[in-house]
Amino acid sequence: MQPKEKRRILITSALPYINGIKHLGNLAGSQLPADVYARFQRLRGHEVLYICATDEHGTPAELAAQDMGISTQAYCDRYHEIQKELGEGFALSFDWFGRSSSDENKALTQHFAHALEANGLIEERTSKQVYSVDDGRFLPDRYVEGTCPHCGYEKARGDQCDNCGRLLDPVDLKNPYSAVSGGTNIEIRDTKHLFLLQSKMQGEIRNWVEASTDWPQLARSIALKWLDEGLRDRAITRDLSWGVPVTRPDGSVRPGFEDKVFYVWFDAPIEYIAATQEWASAADGDWESWWRTDQGAADVEYVQFMGKDNVAFHTVSFPVTIFGSGEDWKTVDKLKAFNWVTWYGGKFSTSNKRGIFMDAALELLPADYWRWYLMANAPEGSDAGFTLEGFQAAINSDLANVLGNFVNRITKYTVSKFDGALPAAGTPGDDEAWMAAELKKSLAEISAHYEAMEFRKAAAETRALWAAGNEYLTRAEPWVKYKSDVDAAAIGVRTGLNLVALFAIVAQPLIPNTAKTILDTLGVPNENRNWPSPDDDNLLDALPHGLPITAPPVLFQKIEDAMVEEWTEQFGGEPIEA
RNA sequence: GGUUCGGUAGCUCAGCUGGUUAGAGCGCACGACUCAUAAUCGUGAGGUCGGGAGUUCAAGUCUCCCCCGAACCA
């Protein structure tokens, strides 16, 4: 096979909002698959840059901080650290995990606004906003509550009614009051805001979407739906203090916008680029070679991972900003959208104590257990239900019995019958040829699935390869041959031990920690842990003869029924009432 | 309401541009083996592919209608 050209792959996963701890579904829908993909491509020898960040602006963060009685800055500092640590806990291999509140993002957001305005795509408009006399400020979105004009629910938020689910304009609320002070002295006043004239970009965006034939069906249909309905001009500023200040090109505050900032949906995606700048500053990297097509980024493959709720922003809104700037920015090439993971068919909910969240998960079991199940059951075709029973079955069968036991049986046998050294004797026969053929086929299939970002299939084929290893041992039966011909047994043991290493190498994208444990135990050097080529005829005899072998500790503990019962009690396993 | 996606063995799901006896994993039954985390390997049972009509030599796979579920609608 010809050596593959080294590709440069830029990967971003949707930015988790700063508010609170994310649940397993949030993890499975963008950060985790992005990580698996990044790890795979690194193992293939490609140059990968995996970028993520917390999305920190917007009213929910401010209100949450207020509830805790701390500043929004302090709140974001705290939750950024928590999310960063949880990401590390789940072995998410970000090259950089940034913050949308960074100086880089402020500067870049302002830069884009100036460029857009220079191109006639931003204009000031006067609109009516809810003003609280008691608080002396305008009340955007959730800062105002009142009675829903549609259903009469009395605690509807300014942007959306939690009862009937309809989106609202704050000025339409009946009996409005301030969510800050409770004050009812409310007026509707005129105020200026910046509007992004998305309607002017309609044609250009449509051409781009229609040319992007590689996108999955889900993404294309969502993007075209928005375009069919017509892009609307949207306000990109809000009456808040926490966010990116609205400036003029000379850096001074824009007159009339002293108490306003850019709205979160405008600055958040720009953070993909700004976070790369943050990475460049910290790691002495060249961010422009990843993002500026006039600075070396033309050959970059840009892959975005996101939940389906984010597709429109990535395929339409953010491209308006990018294309509207008139500058040479890299745009997305491939994108992968995920459906939701549900908890027994219902929603994860902190307040209702339904579902396992990222922090709780790591207290129960190591990250690899969750990573395996979430990817083997990724919500790719439709929503996927998380159940503890399904989790238990997958862990016990796939990880403990098929992989864990395989490693255990062959390493222990080597210790007891071959003095803990990889045997050099014996010559490969039919069984080894069969295994080599299985391996070759499996490696090609797993690679193809990862390349296509089909994570369920990649996991299933990885498992099938492990199972083939067990079948091989049944065929080779070294424990039988040992009685009459030690050399004939030796080839089975040697092949089995090489399979252990290969299984771990191939498992690295999905279960990196366990894979490392296995490879460390075998003493496989880092440079030999790259993705194997199906055309390498020496794969089953790659480990050095005489290599000392010890049995690693039990790799996966089984999940007992009692644990499932306990967790069901703790996390609410009952199906949701219709 | 509109749009989109789903409804395939007990469970979770594969089935590309229509074409031999509809597949996998789990679960279940039986058998084999004993190196191993009571693990593993093999065999088998089980499906009128949501319902109805149509196109075709041929439909799970295309068209229409209906039922059910989910999501999205800035």
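Chain letters run A, B, ... following the sequence lines, proteins first and then strands; every chain starts at 1. Fair warning: this is a prediction, and the values are worked out from it, not measured in the lab. Excluded from the calculations below are hydrogen atoms, water molecules and symmetry mates; all remaining heavy atoms, backbone and side chain alike, are included.
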Q. Do A:Glu123 and A:Arg125 sit within salt-bridge range, that is, some charged N less than 4.0 Å from a carboxylate O?
A. yes
Q | Rounded interatomic separation in angstrom, taking NZ from A:Lys483 and P from B:rC33 | A | 11 Å
Q. Under 4.0 angstrom, heavy atoms only, what part of the nucleic acid is A:Gly230 near: base, sugar-phosphate, or nothing?
A. base
Q) Given B:rA71, B:rU37, B:rA74, which nucleotide is nearest the side-chain atoms of A:Asn408? A) B:rU37
Q. Can you list every pair that meets ring pair (Phe, Tyr, Trp, His ring centres under 6.0 Å) and has a residue in residues 390-426 of chain A, with sequence neighbours left out?
A. A:Trp370-A:Phe391, A:Tyr373-A:Phe391, A:Phe386-A:Phe391, A:Phe406-A:Phe503, A:Phe418-A:Tyr482
Q: Could I get the full list of side chain to side chain donor-acceptor pair (under 3.5 Å) partners for A:Asn377, not counting sequence neighbours?
A: none
Q.
Any base atoms under 4.0 Å from A:Phe313, or only sugar-phosphate, or nothing? Heavy atoms, all strands.
A. nothing
**Q.** RNA chain B contacts made by residues 417-427 of chain A, counting heavy atoms under 4.0 Å
**A.** none
(Q) Please evaluate residues A:Asp561 and A:Gln392 with respect to the criterion side-chain hydrogen bond (donor to acceptor under 3.5 Å, both in side chains), reporting the C-alpha separation (whole Å), side-chain torsions for both, the decisive distance (0.1 Å), and the verdict. (A) CA-CA 8 Å; A:Asp561 291 346; A:Gln392 176 191 31; 2.8 Å; yes
Q | Closest nucleotide among B:rG2, B:rA71, B:rA74 to the A:Lys225 side chain | A | B:rG2
Q.
Using a 3.5 Å limit for the pairing distances, which stems of at least 3 consecutive Watson-Crick or G-U wobble pairs does RNA chain B take part in?
A. B:1-7 with B:67-73, B:10-13 with B:23-26, B:28-32 with B:40-44, B:50-54 with B:62-66
Q: Please report, rounded to the nearest Å, how far the P atom of B:rA39 is from the CH2 atom of A:Trp479.
A: 17 Å
Q) Contact class for A:Ala400 (heavy atom, under 4.0 Å): base, sugar-phosphate, or nothing? A) base
Show me, pair by pair, the donor-acceptor contacts under 3.5 angstrom made by side chains of residues 461-469 of chain A, not counting sequence neighbours?
unit_1, atom_1, unit_2, atom_2, d
A:Glu461, OE2, A:Ser442, OG, 2.8
A:Thr462, OG1, A:Ala458, O, 2.7
A:Arg463, NH1, A:Ser397, OG, 3.3
A:Arg463, NH1, A:Asp398, OD1, 2.6

Q) RNA chain B: A:Glu380 or A:Val316, which has the more 5' nearest nucleotide? A) A:Glu380
(Q) Could you tell me how far apart A:Phe406 (CZ) and B:rC41 (C1') are, to the nearest whole angstrom? (A) 13 Å
Q | Side-chain donor/acceptor of A:Thr414 to backbone N/O of A:Ile549, under 3.5 Å | A | no
**Q.** Minimum-distance nucleotide to A:Arg409 side chain [options: B:rA71, B:rG15, B:rC35]
**A.** B:rC35
Q: Ignoring hydrogens and angles, tell me if any N or O in the side chain of A:Thr514 forms a donor-acceptor pair with the backbone of A:Ile511 under 3.5 Å.
A: no
**Q.** Spacing between A:Leu465 atom CG and B:rA24 atom C1', to the nearest angstrom
**A.** 16 Å
Pick out the pairs of N or O atoms, protein on one side and nucleotides 5-12 of chain B on the other, that lie under 3.5 Å.
unit_1, atom_1, unit_2, atom_2, d
B:rC5, OP1, A:Gln217, NE2, 3.4

Q: Return yes if the base of B:rA36 and the side-chain atoms of A:Asn405 contain a donor-acceptor N/O pair under 3.5 Å, otherwise no.
A: yes
(Q) Once salt bridge (charged side-chain N to carboxylate O under 4.0 Å, His left out) is applied, do any residues pair with A:Glu124, and if so which ones, sequence neighbours excluded? (A) A:Lys192, A:Arg254
Q: Mind checking A:Lys308 for me? I need base, sugar-phosphate or nothing, with any heavy atom below 4.0 Å counting as a touch.
A: sugar-phosphate
Q: Give one of base, sugar-phosphate or nothing for A:Trp226, where a contact means two heavy atoms less than 4.0 Å apart.
A: base
**Q.** Near-strand residues of residues 470-478 of chain A, defined as heavy-atom separation under 4.0 angstrom from RNA chain B
**A.** A:Asn470, A:Glu471, A:Thr474
Pair up each side-chain donor or acceptor in residues 419-438 of chain A with any protein partner under 3.5 Å, not counting sequence neighbours, and list the distances.
unit_1, atom_1, unit_2, atom_2, d
A:Glu432, OE1, A:Gly429, N, 2.7
A:Glu432, OE2, A:Tyr472, OH, 2.4

Q: Could you give me the CA-CA distance, side-chain angles and deciding distance for A:Asp172 and A:Lys128, then say whether salt bridge (Lys or Arg N to Asp or Glu O under 4.0 Å) is met?
A: CA-CA 11 Å; A:Asp172 294 333; A:Lys128 299 198 180 301; over 6 Å; no
Q. Under 4.0 angstrom, heavy atoms only, what part of the nucleic acid is A:Ile410 near: base, sugar-phosphate, or nothing?
A. nothing
**Q.** Whole-Å distance separating the CG atom of A:Asp431 from the P atom of B:rC41
**A.** 15 Å
Q.
Show every ring pair (Phe, Tyr, Trp, His ring centres under 6.0 Å) that has at least one partner inside residues 210-236 of chain A, sequence neighbours left out.
A. A:Trp208-A:Trp215
Q | Residues A:Lys481, A:Asp485: salt bridge by 4.0 Å N-O rule | A | no
Q.
Within the 4.0 Å heavy-atom criterion, would you say A:Lys412 contacts the bases, only the backbone, or no part of the nucleic acid?
A. sugar-phosphate
Q) Taking the six-membered ring where the residue is Trp, are the ring centres of A:Tyr450 and A:Tyr37 under 6.0 Å apart? A) no
Q: Could you check if a side-chain atom of A:Arg234 sits within less than 4.5 angstrom of a side-chain atom of A:Trp265, using non-hydrogen atoms only?
A: yes
(Q) A side-chain contact here means heavy atoms from C-beta on lying under 4.5 Å apart; do A:Lys308 and A:Asp383 qualify? (A) yes
Q. Do the numbers put A:Lys260 on top of the ring of A:Phe138, so that NZ or CZ is under 6.0 Å from the six-membered ring centre and no more than 45° off the axis?
A. yes
Q. Base, sugar-phosphate, or nothing: which does A:Gly404 touch, judged by heavy atoms less than 4.0 Å apart?
A. base
**Q.** Distance, rounded to the nearest Å, where A:Trp340 contributes CH2 and B:rU4 contributes P
**A.** 20 Å
Q) Tell me: NZ of A:Lys481 to P of B:rU34, nearest whole Å? A) 14 Å
Q) Nearest nucleotide by nearest heavy atom, which residue falls closer to the 5' end of RNA chain B, A:Asp309 or A:Gln557? A) A:Gln557
Report each atom pair, protein N/O against N/O of nucleotides 25-27 of chain B, whose distance is under 3.5 angstrom.
unit_1, atom_1, unit_2, atom_2, d
B:rG25, O3', A:Arg463, NH2, 2.9
B:rC26, OP1, A:Arg463, NH2, 3.3

(Q) Taking the P atom in each of B:rG6 and B:rG47, what is the distance between them to the nearest angstrom? (A) 26 Å
**Q.** Between A:His57 and A:Tyr17, ring centroids under 6.0 Å
**A.** no
Q: Can you tell me the distance, in whole Å, between the OH atom of A:Tyr482 and the P atom of B:rA36?
A: 13 Å
Q.
Going by salt bridge (charged side-chain N to carboxylate O under 4.0 Å, His left out), name the residues that satisfy it together with A:Glu380, two or more places apart in sequence or in a different chain.
A. A:Lys336
Q: Using a 4.0 Å heavy-atom cut-off across all strands, classify A:Ala467 as base, sugar-phosphate, or nothing.
A: sugar-phosphate
Q) Can you tell which of A:Phe348, A:Trp340, A:Phe571 makes a ring-ring contact (aromatic ring centres under 6.0 Å, His included) with A:His23? A) A:Phe348
Q) What nucleotide among B:rU40, B:rA71, B:rC35 has an atom nearest to a side-chain atom of A:Tyr413? A) B:rC35
**Q.** P atoms of B:rC16 and B:rG7, separation to the nearest Å
**A.** 11 Å
